[in-house]
Amino acid sequence: MTTIAFNNITKRYKGMDAPAVDGVTFVVPEGSTCMLVGTSGSGKTTLLRMVNRLIEPTSGEILFDNKNVLQENPIQLRRRIGYVIQQVGLFPHMTIAENVRVTADIAGGWNKQKINQRVDELLDLVGLDPADYRKRFPRQLSGGQQQRVGLARALATDPAILLMDEPFGALDAITRARMQDELLRIQRDVHKTILFVSHDIEEAFKLGDQVAVMSQGKLIQMGSPVELLAKPADEFVSQLVGADNIVRQLQYLPIGSTLDNRPEAVSSAHWGDVPAISNQATLFDALLKLLETNAPALATEDPQNQEKTRYITLPDINQAITHLRNDEKSRAASSI
Ligand SMILES: Nc1ncnc2c1ncn2[C@@H]1O[C@H](COP(=O)(O)OP(=O)(O)OP(=O)(O)O)[C@@H](O)[C@H]1O
């Protein structure tokens, strides 16, 4: 099982009063993406780099494949963990193929032909045509393309775990969104266990199955984007994730969260022939479609079998917004 489990992990840097990471415990399940977010200096990078032992913990343990990473040889450990950072760090005098190959070469055990084939597969995977890019040098690539090569290099040894430290932080917004989409696409194929540090809450919500919120070395809350938006643990999490931002909430809450069993909600006779929407869509998708089509309701359908089960209307969405506002008010009242 390639989970990453942090067990009461603490890091105190020499000469610092407060621990950089303070008794953190959580699990990243196999094949899932966990986003680490929090204020600057909250210990995200320190936590990440303890997994591949670039930083050694002061106490606690990190289990990878149910084995304590501290009992493993650091070099062998790093071969099993892909690592992608903001400063891609490609070797300037090596071609793109050589840059990708270098990790596979270090891992050893593969013949030249197999390595070359693997390099081409990886370049393909990250959306760079091998015929075009194999022989180029890093300076002949854009920042986004270099970041793709960094990702290909991290995947070269087929590691079960990927550690990503703000890999897209230096890219412009459009390239960043494209890279995020690429990562989602690649992850659908490769199912790595990913721990990803981000400063961008939109990125965290887009990529993360789980989002871990850190503040001053402590893990404050861990949950899915919807959980964090709907039930932030405290005012800090609420502000960080924008739990008072109704549009953001609608963008993440699934349609199913408002559907009810009133007769008109389930009666196709009542609504007749209205546009359909996937029952996996968000309330925001439904709102846009209702406004665009000017229809009185949308039929929510199961994308697997096109079966229409419920209907959603503008008043339903309005009701959801009222609930969200009331939740926000009661949170504000309880924090006074
Ligand atoms: N080598 C070091 N020696 C002493 N203190 C350090 C060292 N590295 C980091 N720190 C401190 O540990 C704390 C956590 O740093 P870390 O880089 O893990 O935070 P972060 O959440 O990743 O920050 P950012 O989002 O700004 O990158 C900070 O207070 C930082 O100043």
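Everything quoted here is computed from the prediction, not taken from an experiment. Atoms within each ligand, like the ligands themselves, are counted from 1 in listed order.
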Take atom CD in Glu202; do more than 12 heavy atoms of anything else shown fall under 6.0 Å from it?
yes

Which pairs of donor and acceptor atoms, one on a side chain in residues 16-29, lie under 3.5 Å apart (sequence neighbours left out)?
from, atom 1, to, atom 2, distance (Å)
Asp22, OD2, Lys218, NZ, 2.8
Thr25, OG1, Asn8, N, 2.8

Output a table of donor-acceptor pairs, distance under 3.5 Å, between side-chain atoms of residues 67-75 and any protein atom two or more places apart or on a different chain; print 'none' if there are none.
from, atom 1, to, atom 2, distance (Å)
Asn68, OD1, Leu70, N, 3.0
Glu72, OE1, Arg80, NH1, 2.7
Asn73, OD1, Ile75, N, 2.8
Asn73, OD1, Gln76, N, 3.2

Any sub-3.5 Å donor-acceptor pair from Asp189's side-chain atoms to Ile186's backbone N or O?
no

Just by distance, do the side chain of Lys44 and the backbone of Met214 share a donor-acceptor pair under 3.5 Å?
no

Can you name the salt bridge (Lys or Arg N to Asp or Glu O under 4.0 Å) partners of Asp120, sequence neighbours left out?
Arg134

The answer, listing residues by chain and number that come under 4.0 Å of ligand 1 through any heavy atom, is Tyr13, Met16, Ala20, Thr39, Ser40, Gly41, Ser42, Gly43, Lys44, Thr45, Thr46, His199

